[in-house]
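See below for the structure under consideration.
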Amino acid sequence: MTARTALSPEPVHHTLTSWYHRAARDLPWRREDCSAWGVLVSETMLQQTPVARVLPRWEEWMRRWPEPADTAQAPLAEILTVWDRLGYPRRALRLQQAAVAIVERHGGQVPQDVDQLRALPGVGEYTAAAVACFAFDQPEVVVDTNIRRVHARIFSGQALPGKTFTAEQRRLARDVFPDPQADGGQLACTWNIAAMELGALICTARSPACSACPVAKLCAWRLAGSPPPTEEQKTRGQSWVGTDRQVRGAIMAALRTGGTTARDDLLYGLPLPSADLDQRQRCLESLLADGLAEQREARIALPGAHPMC
DNA sequence: AAAGCGGGGCG
DNA sequence: CGCCCAGCTTT
């Protein structure tokens with residue numbers, strides 16, 4: 001209904017993929033010799049966590065557990081320790097569950113089919129398409145936060161795509177997608193990664209580097225005079241201090257130091273400004289319910305952690 | 001469609 | 001101190 005592009009996408013395809021070939025970062029999960037499992041690990045870690053912080057954790061993870069079967073057999077305590085402070089530790093839990101499912105259902109090999117990928121724990125629409133495309137060269141339409149923003153600017157002439165991924169945006173992504181059958185899907189796959197890379201390096205959310213942008217002359221937002229985002233398009237940042245997420249993070253950080261901790265010592269000893277004991281108990285209960293912590297007697301530990309005397 | 005879920009770094 | 005980051009799951 002709104003924001004239909006009047007622009008033909010073909011010139012953008014060529015210009016952007018050409019730019020990608022000379023400007024792309026050399027990331028380990030993009031190397032030709034990276035396994036599909038390595039791609040899945042990277043995509044999971046990159047869900048809401050920036051590249052710079054993922055890099056060392058990915059290297060350590062792949063060194064320890066280079067195959068899904070290795071991850072499936074690892075103690076969860078080790079999984080969560082290597083995950084360290086990447087955030088959202090339920091992702092680490094689900095990544096191990098995905099490894100178990102890959103061993104049980106797919107003979108230890110990451111499936112190529114996008115629907116089978118999508119059925120793995122922690123793998124949603126984005127990650128399934130990304131693994132299918134980046135690991136198996138299948139021309140699936142990939143849409144992440146970068147691509148939504150790049151599309152919004154180049155084709156819709158809007159400063160920002162807004163918070164939610166709408167059906168309209170999904171339609172736009174399909175409309176501007178290169179013909180998957182044209183060249184065996186090669187252009188389509190490069191289009192995905194090139195749009196993501198442009199969003200990460202040039203077409204950033206806050207202060208885009210339009211002067212360095214290869215498609216500035218084709219960009220509908222630029223051609224419209226770069227109008228600022230509307231109030232509707234601005235995303236409201238999550239609060240942090242005092243939230244359950246902060247308390248859960250502090251508990252996990254304490255548990256990662258190793259061994260077991262008396263429940264009361266854990267709850268009272270958290271290095272937090274707030275002393276809300278009810279909140280601390282509630283958060284510990286939620287971590288136990290998630291399977292991210294374990295209680296034996298009155299002691300708390302990471303699941304599968306070796307008991308300490 | 002909206003809420004909950006981490007954590008750090010940068011303007 | 002607000003905002004952003006290769007999202008997923010649940011309601």
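Below, chain A is the first sequence line, B the second, and so on; all start at residue 1.
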**Salt bridge flag under 4.0 Å for residues A:E285 and A:R282** = no
**Prompt:** Are A:W37 and A:Q109 side-chain neighbours, meaning at least one heavy-atom pair lies under 4.5 Å?
**Reply:** no
**Prompt:** Taking atom P of B:dA1 as reference, at what distance in whole Å does atom CD of A:E125 sit?
**Reply:** 13 Å
**Request:** Just call it for A:A130: base, sugar-phosphate, or nothing, with non-hydrogen atoms closer than 4.0 Å on any strand.
**Result:** nothing
**Prompt:** Whole-Å distance between C:dA6 C1' and A:L201 CG?
**Reply:** 12 Å
**Whole-Å gap separating C1' (B:dA3) and CG (A:D244)** = 12 Å
**Nearest-Å distance for atom pair CH2/P, residues A:W83 and B:dG8** = 14 Å
**Request:** Identify whether the distance between the nearest side-chain nitrogen and carboxylate oxygen of A:D26 and A:R31 falls below 4.0 Å.
**Result:** no
**Prompt:** OP1, OP2 of B:dG6 versus side-chain N and O of A:R91: anything below 4.0 Å?
**Reply:** no
**Prompt:** Is there a donor N/O on one and an acceptor N/O on the other, under 3.5 Å, for the side chain of A:T145 and the base of C:dG7?
**Reply:** no
**Request:** Name the nucleic acid region contacted by A:W29, choosing base, sugar-phosphate or nothing; use a 4.0 angstrom heavy-atom cut-off, strictly under.
**Result:** base
**Message:** In whole Å, I'd like the distance from the CD atom of A:Q238 to the P atom of B:dG4.
**Reply:** 10 Å
**Message:** With hydrogens left out and only the distance checked, is there a donor-acceptor pair under 3.5 Å joining A:R248's side chain and the base of B:dG6?
**Reply:** no
**First encountered from the 5' end of DNA chain C, between A:G237 and A:R94** = A:G237
**Asked** Tell me: CG of A:D84 to P of B:dG7, nearest whole Å?
**Response** 9 Å
**Message:** Just to be sure I understand the rule, does A:R30 reach a base, reach only the sugar-phosphate, or reach nothing, if contact means heavy atoms closer than 4.0 Å?
**Reply:** base
**Prompt:** Which comes earlier along DNA chain B counting from the 5' end, the contact point of A:T164 or that of A:G249, where each point is its nearest nucleotide?
**Reply:** A:T164
**Prompt:** Base, sugar-phosphate alone, or nothing: which one does A:L27 contact when heavy atoms must sit under 4.0 Å apart?
**Reply:** base
**Request:** Look at all strands and tell whether A:R85 reaches a base, only sugar-phosphate, or nothing, counting heavy atoms closer than 4.0 Å.
**Result:** sugar-phosphate
**Message:** When you measure only distances, ignoring hydrogens and angles, does the side chain of A:R206 come within 3.5 Å of the base of C:dC3 through a donor and an acceptor?
**Reply:** yes
**Request:** State which of C:dG7, C:dA6, B:dG7 makes the closest approach to the side chain of A:Y88.
**Result:** C:dG7
**Request:** From the options C:dG7, C:dT9, B:dG7, select the nucleotide whose nearest atom is closest to the side chain of A:R118.
**Result:** C:dT9
**Asked** How is A:V123 classified with respect to the nucleic acid when contacts are heavy atoms under 4.0 Å: base, sugar-phosphate, or nothing?
**Response** sugar-phosphate
**Prompt:** Across the strands shown, which category fits A:T127 at heavy-atom distances under 4.0 angstrom: base, sugar-phosphate, nothing?
**Reply:** sugar-phosphate
**Nearest-angstrom distance, C1' atom, C:dC3 to B:dG6** = 15 Å
**Message:** Could you tell me how far B:dG11 sits from C:dA6 if I compare only their P atoms? Round to whole Å.
**Reply:** 16 Å
**Pairwise 5' ranking along DNA chain C for A:T235 and A:G124, keeping only the more 5' one** = A:T235
**Request:** Using atom CD of A:Q48 as one end and atom P of B:dG4 as the other, report the distance to the nearest whole Å.
**Result:** 15 Å
**Message:** Salt bridge or not between A:R64 and A:D70? Use side-chain N to carboxylate O under 4.0 Å.
**Reply:** no
**Message:** If you only use heavy atoms from C-beta on, which nucleotide in C:dA6, C:dC5, B:dC5 is closest to the side chain of A:P50?
**Reply:** C:dC5
**Item:** Side-chain donor-acceptor pair present, A:Q295, A:R263, cut-off under 3.5 Å
**Value:** yes
**Item:** Rounded P spacing from C:dT9 to B:dG8 in Å
**Value:** 24 Å
**Item:** C1'-based separation of B:dC5 from C:dC5 [nearest Å]
**Value:** 14 Å
**Asked** Hey, which of these two, A:G87 or A:T166, hits DNA chain B nearer its 5' end, going by closest nucleotide?
**Response** A:T166
**Asked** In whole Å, what is the span from the CD1 atom of A:I147 to the C1' atom of C:dA6?
**Response** 8 Å
**Prompt:** Should the pair A:R170-A:E125 be classified as a salt bridge under the 4.0 Å nitrogen-to-oxygen rule?
**Reply:** yes
**Prompt:** Choosing from B:dC5, B:dG7, C:dA6, which nucleotide comes nearest the side chain of A:R53?
**Reply:** B:dG7
**Asked** Taking NZ, NE, NH1 and NH2 as the nitrogens, is one of them in A:K234 or A:E232 under 4.0 Å from a carboxylate oxygen of the other?
**Response** no
